[in-house]
> 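One structure coming up, written as structure tokens, with questions to follow.
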Amino acid sequence: MKSTEQRVSKILSRGIIKNILPSESELKKKLLSGEQLRFYIGADPTGPSLHLSHAKNFMLLEEFRQLGHKVFVLFGDLTACIGDPTDRNAARTRLTREEAKKNVDSWVNQIKAIINFDDHDNPAEVVLNSTWFDQMSVTEMIELLSQTTVQRMLERDMFEKRINNNQPIFLHEFVYPLFQGYDSVALDVDVELCGTDQTFNALAGRDLLKRFKGKEKFVVAVNLMENPATGELMSKSNGTGVFLGTNPKTMFGEVMSLPDEMIEVVLINNTRVALDEIAQLDIKNKPRDAKLFTAEKLVSIFYGERAGKDEKESFIQTFSKKSFPSDAPKVEIEENQLDLLSLVKRCQPEKSNNEIRRLISQGAVSLNGNKITDFEESLVISQGMELKVGKRGFFHIN
RNA sequence: GGAGGAGUGCCCGAGUGGUUAAAGGGGACGGGCUGUAAACCCGUUAGCUUAGCUUACGUUGGUUCAAAUCCAACCUCCUCCA
């Protein structure tokens with residue numbers, strides 16, 4: 001077992017953390033004091049799915065839990081109903097409480113592989129900020145609102161931009177930082193982990209905590225995972241996402257389809273592979289191997305080592321060696337004879353006929369390894385036929 | 001309360017009466033290439049009983065041989081003034 005000091009240094013220096021306020025050395029001192037600190041990450045459950053950039057925050061939190069600190073995963077079910085003004089479109093996509101609650105359940109499910117909620121002695125704890133905001137009286141709210149000034153809020157770049165662009169700022173989003181910040185007070189924390197884009201909000205919380213409780217909160221700002229070549233953030237719309245809550249095969253594939261530049265970013269943020277081991281991978285010259293390694297690691301973390309190995313093997317067999325995957329779904333066909341269009345439709349009923357016609361004429365469909373481009377071609381169905389549709393659609397015909 | 005502006009396909013965004021199922025970009029999908037589902041090149045991207053038909057540009061009506069494009073009402077959103 002390494003000394004606490006070594007473990008702490010390792011966590012702080014891996015390259016995940018961008019900035020520590022008020023200072024790294026102060027935090028380090030505190031971490032080594034032997035005191036059990038209270039950590040938290042807050043996240044507004046605005047959508048159903050999480051990706052790796054979210055996951056890395058929770059993984060970091062888990063490391064602090066393993067050091068013996070108390071950690072909270074805070075879901076802003078109430079603040080999600082406000083909409084963080086950081087997101088330009090948030091004002092439009094306000095959630096109902098029911099939607100937020102649903103997302104919370106889904107998120108907990110997705111992160112329980114990387115954060116331990118069941119530890120006997122020191123489990124991570126899920127908290128919802130509606131717990132305290134629902135109890136808050138108007139008197140208390142006025143007290144909260146009186147803790148800051150309009151000028152102070154206006155320091156926020158986002159608000160300044162909106163004013164310059166003649167974009168609206170609604171009152172409820174204007175005070176959003178205050179509400180988010182109050183979470184720190186309610187939870188009485190020592191340290192908050194947040195994305196660099198949330199620094200302003202986290203600092204608002206730091207101020208509040210100082211005023212209400214005279215306590216100095218540390219803010220640990222972590223990098224957002226972005227493509228070093230293009231600066232693109234990981235997100236669904238950029239197509240650069242690896243999403244949690246799918247399945248091992250999908251996750252493996254999503255990693256393989258990441259741009260090569262993302263390999264190192266993912267290894268650093270989402271695995272704990274030693275930095276010198278990452279360097280030895282020689283990503284530049286062997287991107288494919290490095291990516292396979294990364295994909296296996298990730299699937300192992302989320303679904304277990306067995307799944308990681310299996311998916312890697314399956315990927316190599318299917319896409320490198322081009323052999324028909326043995327775990328392809330089986331489709332029962334009663335008829336002895338069927339045209340190609342209908343056959344594909346049986347396997348992928350969610351596709352429209354037009355789409356299937358298109359695929360066939362583009363040469364995407366093959367039977368037993370032979371490409372067929374006539375969708376009207378009548379086929380004699382036999383046991384064990386192998387149908388391939390596109391890159392990833394594999395079916396055994398029975 | 002007054003004046004003005006906007007609502008287009010999965011997303012962003014052109015388009016102001018007629019080859020417009022709607023430019024362009026993104027995403028996605030397919031093909032080629034690659035011992036990566038990366039990159040790159042090319043193509044596709046409403047549905048159907050597919051040489052035809054049906055549905056589609058906020059909603060509902062109207063004008064016209066013909067409307068995303070003109071008119072009316074309504075809904076939603078934004079800006080400025082007060």
Side-chain angles (χ1 to χ4, degrees), chain A residues 47 49 51-52 83 87-94 161-171 173 227-243 246-267 281-299 311-323 325 328 339-342 344-345 347-366 369-376 387-394:
Chain A
S49 46
H51 51 61
L52 290 185
D87 177 2
R88 197 165 51 86
N89 299 316
R92 289 190 184 164
T93 55
R94 286 173 61 187
K161 266 185 207 151
R162 290 226 214 154
I163 288 171
N164 289 337
N165 296 337
N166 277 336
Q167 288 174 330
I169 300 170
F170 289 90
L171 271 182
E173 35 172 15
N227 185 322
T230 64
E232 268 182 347
L233 291 175
M234 184 169 280
S235 83
K236 212 162 208 167
S237 49
N238 288 336
T240 52
V242 174
F243 292 87
T246 55
N247 58 65
K249 198 173 281 298
T250 303
M251 176 179 268
F252 200 97
E254 282 177 343
V255 175
M256 292 309 288
S257 71
L258 284 174
D260 287 355
E261 308 88 78
M262 287 300 288
I263 299 172
E264 190 177 5
V265 176
V266 169
L267 281 172
L281 284 174
D282 193 11
I283 296 173
K284 207 162 233 163
N285 296 311
K286 294 188 282 187
R288 192 208 50 155
D289 293 338
K291 212 186 272 184
L292 280 170
F293 174 83
T294 308
E296 182 186 349
K297 275 280 176 226
L298 272 178
V299 172
E311 289 312 325
K312 181 179 179 183
E313 185 55 28
S314 166
F315 185 91
I316 291 171
Q317 286 301 325
T318 310
F319 297 105
S320 296
K321 299 188 176 164
K322 311 256 185 256
S323 62
D339 61 288
L340 186 57
L341 173 64
S342 307
V344 175
K345 184 82 175 176
C347 298
Q348 304 196 310
E350 75 284 359
K351 281 190 164 49
S352 74
N353 292 355
N354 272 354
E355 190 175 358
I356 293 171
R357 284 197 188 89
R358 227 179 276 136
L359 287 171
I360 294 172
S361 64
Q362 286 179 144
V365 176
S366 58
N370 302 313
K371 225 176 247 191
I372 308 177
T373 51
D374 177 9
F375 58 81
E376 288 180 316
L387 179 72
K388 183 181 177 211
V389 183
K391 288 179 178 167
R392 286 172 255 171
F394 299 97

> Quickly work out the N285(A) CG to A39(B) C1' distance and round it to whole Å.
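The answer, rounded to whole Å, is 15 Å.
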> State whether N353(A) places a side-chain N or O below 4.0 Å from either non-bridging phosphate oxygen (OP1 or OP2) of U49(B).
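Yes, because at least one side-chain N or O of N353(A) sits under 4.0 Å from OP1 or OP2 of U49(B).
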> Between A73(B) and C65(B), how far apart are the two C1' atoms, rounded to whole Å?
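Rounded to whole Å, the distance is 26 Å.
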> For E261(A), what residues pass the side chain to side chain donor-acceptor pair (under 3.5 Å) criterion, not counting sequence neighbours?
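Only N227(A) meet the side chain to side chain donor-acceptor pair (under 3.5 Å) criterion with E261(A).
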> In whole angstrom, give the distance that lies between atom CD of Q317(A) and atom P of A37(B).
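Answer to the nearest Å: 14 Å.
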> Give me the distance, rounded to whole Å, that separates G4(B) from C71(B) when you measure between the P atoms they each carry.
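Their P atoms lie roughly 14 Å apart.
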> Stem finding on RNA chain B, please: runs of three or more consecutive Watson-Crick or G-U wobble pairs, both distances under 3.5 Å, sorted by first number.
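Result, WC/G-U stems under 3.5 Å: B:1-7 with B:75-81, B:10-12 with B:24-26, B:27-32 with B:40-45, B:46-48 with B:52-54, B:58-62 with B:70-74.
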> Give me the distance, rounded to whole Å, that separates U60(B) from G13(B) when you measure between the P atoms they each carry.
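It comes out at 24 Å once rounded to the nearest Å.
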> Roughly, in whole Å, what's the span from CD in E355(A) to C1' in U45(B)?
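Computing the E355(A):CD to U45(B):C1' distance gives 9 Å.
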> Can you check the distance between A38(B) and G31(B), where both ends of the measurement are the P atom (answer in whole Å)?
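Per the computed distance, 12 Å lies between those P atoms.
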> Grab the CD-P distance between E376(A) and U49(B) for me, whole Å please.
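One finds 12 Å between P of U49(B) and CD of E376(A), rounded.
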> At a cut-off of 3.5 Å, list every protein nitrogen or oxygen paired with a nitrogen or oxygen from nucleotides 31-36 of chain B, distance to 0.1 Å.
residue	atom	partner	partner atom	Å
G31(B)	O3'	K371(A)	NZ	3.4
G32(B)	OP1	K371(A)	NZ	3.1
G35(B)	O2'	R288(A)	NH1	2.4
G35(B)	O2'	S320(A)	OG	3.3
U36(B)	O2	K291(A)	NZ	2.5
U36(B)	N3	D260(A)	OD1	3.0
U36(B)	N3	D260(A)	OD2	3.3
U36(B)	O4	D260(A)	OD2	2.7

> Measure from the side chain of L359(A), starting at C-beta and using heavy atoms only, and say which of U44(B), C29(B), C48(B) lies closest.
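Of U44(B), C29(B), C48(B), C29(B) is nearest to the side chain of L359(A).
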> Measure the distance from CZ on F394(A) to P on A37(B) and round it to the nearest whole Å.
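Distance check: F394(A) CZ to A37(B) P gives 11 Å.
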> In whole angstrom, give me the gap between the P atoms of G18(B) and A66(B).
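Between the two P atoms, the distance is 14 Å.
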> Checking the side chain of E376(A) only, and the main-chain atoms of D339(A) only, is there a donor and an acceptor separated by less than 3.5 Å?
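The answer is no, because no donor-acceptor pair under 3.5 Å joins these two groups.
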> Sticking with atom C1', work out how far G25(B) lies from A72(B), rounded to a whole angstrom.
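Straight-line distance between the two C1' atoms is 36 Å.
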> If I pick the C1' atom on U8(B) and the same atom on C57(B), what distance separates them, to the nearest angstrom?
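Result for the C1' pair: 4 Å, nearest Å.
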> Quick one: list whatever passes salt bridge (charged side-chain N to carboxylate O under 4.0 Å, His left out) with K249(A), sequence neighbours left out.
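E311(A), D327(A).
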> Indicate yes or no for a side-chain donor-acceptor contact from K351(A) to the backbone of Q348(A) under 3.5 Å, with no hydrogens or angles considered.
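Not confirmed, K351(A) side chain does not pair with Q348(A) backbone.
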> Rounded to whole Å, how long is the line connecting atom CZ of R392(A) with atom P of G30(B)?
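Whole-Å distance recorded here is 6 Å.
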> Measure CG/D339(A) against P/U49(B) and give the value in whole Å, please.
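Result: 11 Å.
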> Could you state the atom-to-atom distance from CD of E311(A) to P of A37(B) in whole Å?
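For the pair E311(A) CD and A37(B) P, the rounded distance is 15 Å.
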> For residues 286-295 of chain A, which residue pairs qualify under salt bridge (charged side-chain N to carboxylate O under 4.0 Å, His left out), counting only residues two or more places apart or in two chains?
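For residues 286-295 of chain A: D260(A)-K291(A).
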> Going by the rule ring pair (Phe, Tyr, Trp, His ring centres under 6.0 Å), which residues pair with F252(A) if we only count those two or more places apart in sequence or in a different chain?
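Result, ring pair (Phe, Tyr, Trp, His ring centres under 6.0 Å) vs F252(A): F315(A).
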> Only counting residues at least two apart or in another chain, list the ones meeting ring pair (Phe, Tyr, Trp, His ring centres under 6.0 Å) with F375(A).
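Counting only residues at least two positions away or on another chain, F375(A) forms no ring pair (Phe, Tyr, Trp, His ring centres under 6.0 Å).
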> Of all residues at least two apart in sequence or in a different chain, which pass the ring pair (Phe, Tyr, Trp, His ring centres under 6.0 Å) check with F293(A)?
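Partners of F293(A) by the ring pair (Phe, Tyr, Trp, His ring centres under 6.0 Å) criterion come out as none, since no residue qualifies.
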> Looking at residues at least two apart in the chain, or sitting in another chain, which of them share a side chain to side chain donor-acceptor pair (under 3.5 Å) with S366(A)?
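Here no residue qualifies.
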> Could you go through V365(A) and L387(A), starting from their C-alpha distance and side-chain angles, then the distance that decides it, and tell me whether this counts as side-chain contact (heavy atoms from CB on, under 4.5 Å)?
CA-CA 7 Å; V365(A) 176; L387(A) 179 72; 3.9 Å; yes
> Distance between the P atoms of G62(B) and C77(B), in whole angstroms?
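The same atom, P, in both gives a distance of 28 Å.
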> Hey, which sits more toward the 5' end of RNA chain B by its nearest nucleotide, R357(A) or T250(A)?
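Final value for this comparison: T250(A).
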